[in-house]
**Q** 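For reference, the structure I am asking about is given below.
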Amino acid sequence: MSMDGPGFSGFDTVAFDAMGVLYRSADDVADLLVPYARGKGSDLGDREITELYTRCSVGAIGTEELWERLRTRGASDEEYCGRHTLTEGTLPLLERLAGAGVRLACLSNDVSVWSVLLRRRFGLDRFIGTWVISGDIGVRKPDPQAYEALCAAVDASAPGRVVFVDDRPANVRAAAAAGLTAVRFGPAGSDPRAVPDMAGLGEALTRWAW
C-alpha cells in the first residue's frame, strides 16, 4: 500500500522521539544546554548541569529554578529553545503520514515547557496529536512506564501496531520489549537495520504498510 493511499493496514500509529529524530541534536544537553548555560555565566561542570537537567526533565523542578540553580544570568526558555533545529525532511514526512490517516505521536525525554515551545515554534502540532513528555509523566525512557504511558495515550490495544522511532539503542530495545514495533533512527553504525534519515524512514514505513 502506498503512503499516498487512503490509509495503512500494517500499523495504526507512528510515535517519534524528539531529540535526534524530530530535532537534529541527538544530545541536546551536551550540544545545546551546556554551552548555552556557560554562555550565560554558569560555572557548573557538565555532570552537575546534566543532573539538574534530568531533574527538570521529570518535573522535579521547574525551568525558573533550573536557570537559577545553573547560576545563569539572563537565561530564558524561549532563547534556549531557539537553538534547536528540525531534522531535514521532518515536516514533509509528517504531512504525508497525517494525510494518509496515520495517527502521529511523540514520546520524548524533555522538559515540559521546552517541549511545548518547540512544537509550537515548528508547527508540529498540526500533525502530531499526542505528546507524551517525561516532564509530564515523571519518568524517562527507557523506563517501561514511559512506553506504557504512550500506549495508553494513543489507546493502543495492540502495541505492535505502534511504530516507535528513536535514535538511542537502549530506548529502541525497551520499546521492543514493551511490544512496540521499534525502529532505530540515524547512521547505521553497528546496527545495519537503522534508517539513516527521514527519507529512509518514509521508505521503510511504505514497505511495512501491508
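Below, each value reflects all heavy atoms present in this structure, side chains not excepted, and no hydrogens, waters or symmetry copies. The shown structure was predicted, so the numbers you read here are calculated from the model rather than taken from an experiment. Positions are given from 1, in the same order as the sequence printed here.
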**Q** Between Trp131 and Asp125, what is the shortest heavy-atom contact and its length?
**A** NE1-OD1, 3.0 Å
**Q** What closest approach, in Å, do Tyr53 and Leu33 show between heavy atoms, and which atom pair accounts for it?
**A** CB-CD2, 3.7 Å
**Q** May I ask you to check whether Arg103 and Thr13 show a side-chain donor-acceptor distance below 3.5 Å?
**A** yes
**Q** Could you tell me which non-hydrogen atom of Gly74 sits nearest to which non-hydrogen atom of Tyr36, and how far apart they are?
**A** O-OH, 4.3 Å
**Q** Run the salt-bridge test on Asp46 and Arg38 with the 4.0 Å N-O cut-off and return the result as yes or no.
**A** yes
**Q** Give the intermediate values and the outcome of side-chain hydrogen bond (donor to acceptor under 3.5 Å, both in side chains) for residues Trp114 and Asp28.
**A** CA-CA 12 Å; Trp114 297 351; Asp28 53 319; over 6 Å; no
**Q** Do Phe16 and Leu94 come within less than 4.5 Å of each other through their side chains, counting heavy atoms only?
**A** yes
**Q** Report whether Val195 and Val172 are members of the same hydrophobic cluster (ILVMFWY, side-chain heavy atoms less than 4.5 Å apart, transitive linking).
**A** no
**Q** Quick one: pull up CG in Leu205 and CE in Met198 and give me the separation to the nearest 0.5 Å.
**A** 10.0 Å
**Q** Do you know which two heavy atoms are closest between Val132 and Leu150, and how far apart they sit?
**A** CG2-CA, 4.0 Å
**Q** Does the side chain of Leu70 come within less than 4.5 Å of Leu52's, by heavy atoms?
**A** yes
**Q** Can you give me the closest heavy-atom contact between Arg121 and Cys81, atom names plus distance?
**A** NH1-O, 2.8 Å
**Q** Tell me whether the rings of Tyr147 and Phe164 are parallel (<30°), tilted (30 to 60°) or perpendicular (>60°).
**A** perpendicular
**Q** Should Lys141 and Asp17 count as an ion pair when the cut-off is N to O under 4.0 Å?
**A** yes
**Q** Between Ile133 and Leu104, is there a shared hydrophobic cluster once you connect ILVMFWY residues whose side-chain heavy atoms come closer than 4.5 Å?
**A** yes
**Q** Could you walk me through whether Val163 and Val102 pass the side chain to side chain contact (heavy atoms under 4.5 Å, CB included) test, one step at a time?
**A** CA-CA 11 Å; Val163 177; Val102 178; over 6 Å; no
**Q** For residues Leu97 and Leu86: do they belong to one hydrophobic cluster (side chain heavy atoms under 4.5 Å, members Ile, Leu, Val, Met, Phe, Trp, Tyr)?
**A** yes
**Q** I would like to know whether Tyr23 and Leu124 meet side chain to side chain contact (heavy atoms under 4.5 Å, CB included); could you show each step before the answer?
**A** CA-CA 11 Å; Tyr23 308 121; Leu124 302 186; 3.4 Å; yes
**Q** If you draw a 6.0 Å radius around CZ in Arg83, do more than 12 non-hydrogen atoms from other residues or ligands fall strictly inside?
**A** yes
**Q** Dump the intermediate steps for side chain to side chain contact (heavy atoms under 4.5 Å, CB included) on Val139 and Val58, then the final yes or no.
**A** CA-CA 6 Å; Val139 294; Val58 292; 5.9 Å; no
**Q** Is a salt bridge present between Arg161 and Asp12, judged by a nitrogen-to-oxygen distance below 4.0 Å?
**A** yes
**Q** More than 12 foreign heavy atoms under 6.0 Å from CD of Glu65: is that the case here?
**A** yes
**Q** Determine whether the side chains of Asn109 and Ser57 contain a donor N or O and an acceptor N or O closer than 3.5 Å.
**A** no
**Q** Rounded to the nearest 0.5 Å, how far does CG of Asp77 lie from OG1 of Thr63?
**A** 3.5 Å
**Q** Checking the side chain of Thr72 only, and the main-chain atoms of Ser42 only, is there a donor and an acceptor separated by less than 3.5 Å?
**A** no
**Q** Does the pair Glu79/Lys40 count as a salt bridge with the N-to-O cut at 4.0 Å?
**A** yes
**Q** Over all heavy atoms of both residues, which pair between Leu107 and Ala146 is shortest? Give the atoms and the distance, please.
**A** CD1-O, 3.8 Å
**Q** Can you list the steps and then say if His84 with Leu32 is a side chain to side chain contact (heavy atoms under 4.5 Å, CB included)?
**A** CA-CA 8 Å; His84 282 275; Leu32 303 176; 3.3 Å; yes
**Q** Return yes if some donor-acceptor pair links the side-chain N/O of Thr87 with the main-chain N/O of Val21 below 3.5 Å, else return no.
**A** yes
**Q** Check whether any side-chain heavy atom of Pro169 sits under 4.5 Å from a side-chain heavy atom of Arg173, and report yes or no.
**A** yes
**Q** Check the hydrophobic clustering (I, L, V, M, F, W, Y; side-chain heavy atoms under 4.5 Å; chains of links allowed) and say if Phe127 and Val14 are grouped together.
**A** yes
**Q** Mind checking whether Val29 and Val34 have side chains closer than 4.5 Å, heavy atoms only?
**A** yes
**Q** Using side-chain heavy atoms (C-beta onward) and a distance below 4.5 Å, is Cys151 in contact with Leu180?
**A** yes
**Q** Using 0.5 Å steps for rounding, measure from the CZ atom of Phe11 to the OG1 atom of Thr181.
**A** 9.0 Å
**Q** At what distance, to the nearest 0.5 angstrom, does CZ of Arg120 lie from OG of Ser115?
**A** 10.0 Å
**Q** Enter the distance from Arg168:CZ to Asp166:CG here, rounded to the nearest 0.5 Å.
**A** 8.0 Å
**Q** Are Val116 and Leu118 in one and the same hydrophobic cluster, where Ile, Leu, Val, Met, Phe, Trp and Tyr link if side-chain heavy atoms are under 4.5 Å apart?
**A** no
**Q** Can you tell me how far the CZ atom of Arg140 sits from the CG atom of Asn171, to the nearest 0.5 Å?
**A** 9.0 Å
**Q** If the threshold is 4.0 Å, N to carboxylate O, is there a salt bridge linking Arg55 and Glu51?
**A** no
**Q** Could you check if a side-chain atom of Ile128 sits within less than 4.5 angstrom of a side-chain atom of Arg119, using non-hydrogen atoms only?
**A** no
**Q** Can you check whether Gly202's main-chain N or O pairs, donor with acceptor, with Thr206's side chain at less than 3.5 Å?
**A** yes
**Q** I'd like to know if the side chain of Thr85 reaches the main chain of Arg24, judged simply by a donor and an acceptor atom lying under 3.5 Å from each other, with no hydrogens or angles considered.
**A** no
**Q** Below 4.0 angstrom, N of the basic side chain to O of the carboxylate: do Asp167 and Arg184 qualify?
**A** no
